Amino acid sequence: MLNKIDENIYELPIGYKEGMRVPGRLFISESLLEMVEPGTIEQVANVATLPGIVKYSMAMPDAHLGYGFPIGGVAAFREDGGVISPGGVGFDINCGVRLLRTDLTVEEVRPVISDLIEALFKEIPSGVGATSRLHVSDSELTEAFIAGARWAVEEGYGTEGDLEHCEENGCLKGADPSQVSTKARKRGRPQFGTLGSGNHFLEVQYVGEVYDERIARRFGLFKGQVTVMIHCGSRGAGHQICTDHLEVLAKAVRKYNIDLPDKQLACAPIGTPEATNYFGAMAAAANYAWANRQIIAHWTREVFAKYFGDVEMPLVYDVAHNVAKIEEHMVDGRLERLYVHRKGATRSFGPSRREVPQDYRDVGQPLLIPGSMGTPSYVLCGQDRALELTFGSACHGSGRIMSRSQAKKTYRGSEVKASLQREGIKVMATESAVLAEEAPEVYKPSHEVVEVVHALGLAKKVAKTIPLGVSKG
DNA sequence: ATGTCC
């Protein structure tokens, strides 16, 4: 059924499932493919049946089972005849990663890592349903939905330079706060400026290895340097927005007579009110997430300032790995406007794209690939080759191989914590169960995932960061 | 991921 067509590329032919409009493509190694559940392959095939899908239904090497679309899925739809689907974005709209760099070295930070993590844990609220020490009014929330990270910067959280180093400058155009329900606002307002739970984290790390000196220098990275990685999304706001609009889109599927192999692929034709309204609400959630990461980054800088004085902590970059965006891509020799859905997939634009910030333009955008808790993360650089293969996309992380429930049965939080402590990694979490759910063993090895995208030329390895301490939900 | 089932 899966045909190997090249090294690390497998194709799922149109004939695999009735209704497929395009083939499926998995960008994955043989050994990682063995870890992919059959259901995930099925989801790749299901996405290929959606109206207006262009080229292929794609899966990155960290692919696993998701809601409707696989996590690690990339699908692009033409404006004329295509659809937009919340399943292709995910519940945590604009879940993403940002990386701050410092001019501190691992030798300076390691001796105080325990206190530093305790301070970060205290200052940056985390956990399920955590509430913020920031109190925004309803109109301020509306402004954040519209302006994203810029709203936070204008409120004094961070600098103009931060915005230049955010994907989309930290703001998706077309956000429509009128499509955000009262319920979503009610959940999102008190959580604005919180980390969340699950695989979300704030990690103090250091650059353990540099693979490409020239690009690392361009990103401001050097061996032994301390960095901070923040991984979080749109909290209850994005979750509620997704839930609300799934309900509307389930009806739209019947209204517009769309034949779906799975109800979880609920969608609406681009241009219909249902699709436009979801897109407006999704953009609002994406902007909330960017502002959220911006606020958290600011508080992180404040904590570092207490310990290390007036330390500079520029933003290396901020990537969105759960989002749908309008982008121009070459299709059969023509430039077309496409709705690119990346769910658990990172944009990987090389030098030829004007979306890459000016100071990275000659090398490509940074990609931030978090490892699982206690394992290395990677900084990659976008490559033009990705435009040919994946609409300019690559992997987003390690990818789960064990369910949360199974992980809780298999591991104990206290033991996971002790084992990390033995490696010198300080861990703080609101709930011990989260540590069991996020045990390093429940994820695919991140280095294997990164090797595949590097070998395919989707993104280039630049540096590896090693955890010193982590604050979690 | 998520007020982990209104």
Side-chain angles (χ1 to χ4, degrees), chain A residues 40 43 62-73 85-98 125-132 141 180-202 229-247 264 266 281-282 284-286 288-290 292-293 296 319-324 341-346 370 372-373 396-409 411 413 429-439 442-443 470-473:
Chain A
T40 305
Q43 290 189 325
D62 48 343
H64 58 112
L65 208 62
Y67 180 89
F69 288 56
I71 294 163
S85 173
V89 173
F91 274 83
D92 191 5
I93 296 163
N94 190 8
C95 183
V97 186
R98 67 166 51 192
S126 62
V128 179
T131 54
S132 181
L141 189 63
V180 179
S181 68
T182 309
K183 203 172 173 184
R185 284 176 167 276
K186 205 176 166 187
R187 286 180 70 177
R189 216 169 91 167
Q191 295 181 342
F192 204 28
T194 63
L195 201 52
S197 182
N199 64 0
H200 290 164
F201 63 75
L202 188 155
M229 186 173 272
I230 296 162
H231 179 202
C232 65
S234 50
R235 309 287 286 108
H239 193 274
Q240 191 62 48
I241 284 169
C242 183
T243 305
D244 291 340
H245 285 264
L246 273 171
E247 212 172 294
Q264 293 186 353
M282 188 269 309
Y288 174 103
W290 267 312
N292 192 33
R293 291 197 286 275
I296 290 171
V319 301
H321 59 217
N322 271 8
V323 80
H341 293 58
R342 294 192 183 91
K343 181 197 197 173
T346 308
S372 57
M373 183 177 58
H396 87 303
S398 317
R400 282 196 95 84
I401 44 175
M402 189 189 288
S403 70
R404 294 187 181 279
S405 54
Q406 188 60 41
K408 275 192 277 197
K409 284 181 213 157
Y411 302 102
T430 49
E431 279 205 62
S432 172
V434 172
L435 299 179
E437 288 178 15
E438 297 299 317
V442 313
Y443 284 94
V470 54
S471 171
K472 292 190 58 69

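This structure is a prediction, so every number in the text was calculated from the model and none was measured. Here is the naming used below: chain letters follow the sequence lines, and residue numbers restart at 1 for every chain.
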Enquirer: May I have the distance from A/Glu438 (atom CD) to B/dT4 (atom P), rounded to whole angstrom?
Expert: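 Taking CD of A/Glu438 and P of B/dT4, I get 17 Å after rounding.
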Enquirer: In whole Å, what is the span from the CG atom of A/Leu195 to the P atom of B/dT2?
Expert: 9 Å
Enquirer: Closest heavy-atom contact between A/Thr194 and A/Arg235?
Expert: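 Scanning both residues, the minimum pair turns out to be OG1-NE, 2.7 Å.
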Enquirer: What are the residues of residues 397-407 of chain A, sorted by number, that bring a heavy atom to within less than 4.0 Å of DNA chain B?
Expert: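 Those residues are A/Arg404.
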Enquirer: What's the OH-P distance between A/Tyr288 and B/dT2, to the nearest Å?
Expert: 10 Å
Enquirer: Look at all strands and tell whether A/Gly233 reaches a base, only sugar-phosphate, or nothing, counting heavy atoms closer than 4.0 Å.
Expert: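 Nothing: the residue A/Gly233, judged by heavy atoms under 4.0 Å, touches no strand.
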Enquirer: Grab the two heavy atoms, one from A/Asp92 and one from A/Ser234, that are nearest each other, plus how far apart they are.
Expert: OD1-N, 2.9 Å
Enquirer: Mind checking side chain to side chain contact (heavy atoms under 4.5 Å, CB included) for A/Asp62 and listing every partner two or more places apart, or none if nothing turns up?
Expert: A/Met60, A/Cys395, A/His396, A/Val449
Enquirer: A/Asn292 and A/Gln191: which non-hydrogen atoms are nearest, and at how many Å?
Expert: OD1-O, 4.2 Å
Enquirer: Taking atom C1' of B/dT2 as reference, at what distance in whole Å does atom CG of A/Asn292 sit?
Expert: 14 Å
Enquirer: Indicate, with a heavy-atom threshold strictly under 4.0 Å, whether A/Lys183 touches base, sugar-phosphate, or nothing.
Expert: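 Answer is base: heavy atoms of A/Lys183 come under 4.0 Å of a base.
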Enquirer: A/Gln240 CD to B/dT2 C1': how many Å, rounded?
Expert: 10 Å
Enquirer: If you look at every strand shown and take non-hydrogen atoms under 4.0 Å, does A/Thr243 touch a base, only sugar-phosphate, or nothing?
Expert: nothing
Enquirer: Please report, rounded to the nearest Å, how far the P atom of B/dT2 is from the CD atom of A/Gln191.
Expert: 8 Å
Enquirer: State, to 0.1 Å, how close A/Gly198 and A/Val434 come at their nearest heavy-atom pair, and which atoms those are.
Expert: O-CG1, 3.7 Å
Enquirer: Whole Å only: how far is the CG atom of A/Asp244 from the P atom of B/dT2?
Expert: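 These atoms are roughly 16 Å apart.
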Enquirer: Between the side chains of A/Tyr443 and A/Glu438, is a donor N or O closer than 3.5 angstrom to an acceptor N or O?
Expert: yes
Enquirer: To the nearest angstrom, how far is A/Asn94 atom CG from B/dT2 atom C1'?
Expert: 16 Å
Enquirer: Let me spell it out: for each of A/Glu431 and A/His200, pick the nucleotide of DNA chain B with the closest heavy atom. Which residue's pick is nearer the 5' end?
Expert: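 Nearest-nucleotide comparison on DNA chain B picks A/His200.
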Enquirer: State which residues pass side chain to side chain contact (heavy atoms under 4.5 Å, CB included) with A/His231; sequence neighbours excluded, sorted by chain then number.
Expert: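 A/His231 satisfies side chain to side chain contact (heavy atoms under 4.5 Å, CB included) with A/Cys95, A/Val97, A/Asn199, A/His200, A/Phe201, A/His321, A/Pro370 once adjacent residues are dropped.
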